[in-house]
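What follows is a short report on a single structure.
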Amino acid sequence: MGTHKRFGLLFILVSLLVLLFVFIQTTVVGVSLYQTADYNKKNLAERLSTVQNFVNKQIAFKISAVEETAFRVSEEIRRDEEILQESPKFYQRISPILTSGNYISLVKVHFPNRKYYVVRKYYPYNQFAVGFDSYRAPVIIGENLPRQGVWGVFKWDRFSAQSGVSFFLPIYKKQQYLGTVELFLSVSEFSRVLKEVGNVYNGEVVLLRHQEGQEIGQSLIVAHPFLSGKRLGWLSTYAPFPKVSEIEDPLLAVLSQGPDQPDFLLKKVLGKLSQKFFTVGDQPYLMINDVLQQSPQSYFPYEKLSTIVFFPISDLVAQVNALKKAAFFGGIGLILGGILIGFVVLSATKPMTRLAQQAREISSLRVRHLKPMPASYIREIDEASKAFNQMVVVLKWFERYIPQQLAHKLVTSGDQWAFRSVKREATVLFTDLAGFTKYSERLSPEEVSSYLNHHFYVLSQIVHQYGGMIDKYIGDSLMAVWSIPDYQEDHAVRALQAALAIREAVEDMFVDPNQYVRIGIHTGPVIAGNIGGRDRLNYTVIGDAVNVASRIEQFGKYHRNSESKATILCSEETLASLQTPIEIDAEKIGECSLPGRTQDITIYRI
């Protein structure tokens, strides 16, 4: 991880805030879009009903215009009956009415004697004809017609050569029946009405003649925007209307396939209206099917027609798609935020937990087994780990350079204890590796260091095992003390046990037969404390007992135990201080005079 990029906590915090802001913003936008979509859903039914009513009203308005035109023609005839007698005058008076529009394809006047005048729209001029209706029953055009007029059935008209529907209005003057006005509305012109209505809301309106149980493709198209302004010459008396399958209209084509299945979110928004959802290309629609009921007040009392309205809902779908995008980006922001938070938590919690655990170990100065803290992607934690690792290295060396008991005492007691000296009875032990100086002349510096390190490792482990403190190493000698820094009631016992264990350990250690270990032990009062300058101190013990123990070790030169690789000498004070019985074979050597000391001391060989 040394080459990996690391991020500061500030950078991570700013990133979290940015992700949080993105998440909140997308959530707010998503909620707003959902509320808007939900509002549109609630108002969609009303909008559809409004569109449906608008379509019916517009169709009714156009049909009413045709009926008004019929009344105008009727009024012209009542005002001047002579136009019925003179065909040119009839054409001159009626032709402008036909030309004025109102989607009328043909104006025809039926006389009681079955004679008729007909003016039909034929671009660029209108056509006029006079004829005799031999096949039309008088009841259709006679006095039995309702005074307010009536719409006929949708059929093929031979005069206009088109399919359509006629409006019949009887003409009366002073209760005298003069004839019947017929205004013909062709499929082409009726389709213009529906096309104009559909253009208002960018949708499509179709008028179908559909029977129950009949496939949608077999339904007849009464009016369709595609038929607007076209002369449908391929229709006839036997096939007056085109079938749905004969018109290339993708909207009508989807009716035979059934509604589409919107996605989950759009289905949620549409609710029950999802059953009327269709997709044509990329454009979404809702289909409204309204049956024009048969009733005396309906416009077409002899027909059962259906208006099919395709209502575009692109705006609603766009809002739903925007909601999905907002949810997607909000989810991405939430996931990234969760990943980043998890990364921060794992990157921070795991090393901090391990740091706390190792800190507890350090508080007890158990640092030898501690492993280095791993690197972290978080800069601050990585720097803290590096500093901690350096501290552990220093502490490991600190523990080696300073006696373990003293180091633990320093950690647990604090700095104030470190500058306080104490006087206490203790047992001091000196060792010396006899014959090593001559033996080392044959060794390299590395071999000398390795040899001594192994020797002192064995001895130090024994001293620590029996609770002693290693004060110092002096060349190939070792100085250890018991009851320092903490008081030990059985310090003399411990020191003797350690000496016996050392003798056992070195029996097979030396290759040179001239090598052996001398051990001197003495018990007496010592002063323990920090000795040295302010910039560097050495915690040690001083006093007569230290000097005596060193001198006793030197006496081993003259009282070597030839049967062992270790010669152990101790003072009478040490044996007298044994609080616990110990099985030893102590051979009294006698009283010895020590240089610099006025009183003799009794020495024993163990």
Side-chain angles (χ1 to χ4, degrees), residues 402-403 405-406 420-434 436-437 456 459-460 462-463 466-488 490-500 502-503 516-533 536-561 566-578 586-606:
I402 297 178
Q405 296 89 335
L406 176 61
R420 189 188 312 150
S421 298
V422 296
K423 184 176 182 180
R424 183 180 299 153
E425 185 177 86
T427 298
V428 182
L429 178 148
F430 275 88
T431 71
D432 183 70
L433 184 56
F436 177 73
T437 302
F456 286 134
L459 269 59
S460 63
I462 295 174
V463 170
Y466 289 98
M469 182 189 82
I470 297 176
D471 185 281
K472 60 175 68 68
Y473 297 103
I474 311 168
D476 56 7
S477 299
L478 176 147
M479 173 184 170
V481 61
W482 278 261
S483 198
I484 296 296
D486 295 322
Y487 175 73
Q488 295 169 326
D490 57 344
H491 51 87
V493 174
R494 291 172 179 266
L496 285 174
Q497 288 175 336
L500 294 173
I502 291 174
R503 181 167 61 186
Y516 69 98
V517 175
R518 295 195 302 266
I519 302 174
I521 306 171
H522 179 64
T523 301
V526 298
I527 297 175
N530 291 302
I531 307 299
R536 183 173 179 180
L537 298 174
N538 182 28
Y539 184 84
T540 185
V541 293
I542 59 174
D544 180 67
V546 177
N547 296 329
V548 172
S550 178
R551 297 292 189 273
I552 292 175
E553 178 266 315
Q554 294 294 325
F555 269 103
K557 298 178 182 178
Y558 313 108
H559 302 283
R560 178 181 177 182
N561 186 353
T567 298
I568 305 173
L569 300 182
C570 72
S571 66
E572 187 176 30
E573 285 79 1
T574 299
L575 295 177
S577 299
L578 296 177
E587 176 187 355
K588 184 177 181 180
I589 295 177
E591 295 184 355
C592 300
S593 177
L594 301 179
R597 201 169 191 272
T598 58
Q599 294 181 353
D600 294 339
I601 185 169
T602 303
I603 299 176
Y604 289 84
R605 183 168 61 189
I606 306 302

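Source: prediction; values computed, not measured.
With rounding to the nearest 0.5 angstrom, the CZ atom of Phe555 is 9.0 Å from the CD1 atom of Ile601. Expressed to the nearest 0.5 Å, how far CD1 of Ile542 lies from CD1 of Ile527 amounts to 5.0 Å. Between atom OG1 of residue Thr540 and atom CE of residue Met469 there is a gap of 7.0 Å, rounded to the nearest 0.5 Å. Atom-to-atom distance recorded for Leu569:CG and Cys592:SG is 8.5 Å, nearest 0.5 angstrom. In this structure, the separation between CG on Leu478 and OG1 on Thr431 is 4.5 Å, given to the nearest 0.5 Å.
Of all the heavy atoms in Ala498 and Trp482, the pair that sits closest is CB-CZ2, 3.6 Å. The heavy-atom pair separating Gly520 from Ile552 by the smallest distance is CA-CG2, 3.9 Å. In plain terms, the two heavy atoms of Val526 and Ala426 that are nearest each other are CG2-CB, 3.8 Å.
Taking the salt bridge (Lys or Arg N to Asp or Glu O under 4.0 Å) definition, one finds that Asp544 meets it with Arg597, sequence neighbours left out. With sequence neighbours excluded, no residue satisfies side chain to side chain donor-acceptor pair (under 3.5 Å) with Ser460. Judged as a side chain to side chain donor-acceptor pair (under 3.5 Å), and not counting sequence neighbours, the contacts of Thr427 are His491, Thr523. Taking Phe456 as the reference, Tyr473 meet the ring pair (Phe, Tyr, Trp, His ring centres under 6.0 Å) condition, with sequence neighbours excluded. For the side-chain contact (heavy atoms from CB on, under 4.5 Å) test, residues two or more places apart in sequence or in another chain that qualify with Ala528 are Val422, Ile484, Tyr539, Val541. Under the salt bridge (Lys or Arg N to Asp or Glu O under 4.0 Å) criterion, Arg424 pairs with no residue at all, not counting sequence neighbours. Qualifying side-chain contact (heavy atoms from CB on, under 4.5 Å) partners for Asp490, counting only residues two or more places apart in sequence or in other chains: Gln488, Val493, Arg494. In this structure, the side-chain contact (heavy atoms from CB on, under 4.5 Å) partners of Ala549, at least two apart in sequence or on a different chain, are Val428, Phe430, His522. Partners of Ala499 according to the side-chain contact (heavy atoms from CB on, under 4.5 Å) rule, which considers only residues two or more places apart in sequence or in another chain, are Leu429, Ile519, Ile521, Ile568. Partners of Phe436 according to the ring pair (Phe, Tyr, Trp, His ring centres under 6.0 Å) rule, which considers only residues two or more places apart in sequence or in another chain, are Tyr451.
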Worksheet item: Is there a side chain to side chain contact (heavy atoms under 4.5 Å, CB included) between Asn561 and Ile606 once you walk through the steps?
Response: CA-CA 9 Å; Asn561 186 353; Ile606 306 302; over 6 Å; no
Worksheet entry | CA sep, side-chain torsions, deciding dist, call: Thr574, Ser577, side-chain hydrogen bond (donor to acceptor under 3.5 Å, both in side chains) | CA-CA 5 Å; Thr574 299; Ser577 299; over 6 Å; no
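Residues in residues 547-558 take part in these salt bridge (Lys or Arg N to Asp or Glu O under 4.0 Å) pairs, two or more places apart or across chains: Arg518-Glu553. Identified under the side-chain hydrogen bond (donor to acceptor under 3.5 Å, both in side chains) test for residues 586-596, with sequence neighbours left out: Glu587-Arg605.
Taking the side chain as every heavy atom from C-beta outward, Lys423 and Pro525 approach each other to under 4.5 Å.
Panel note: side chain Arg560, backbone Tyr516; no donor-acceptor pair is recorded below 3.5 Å.
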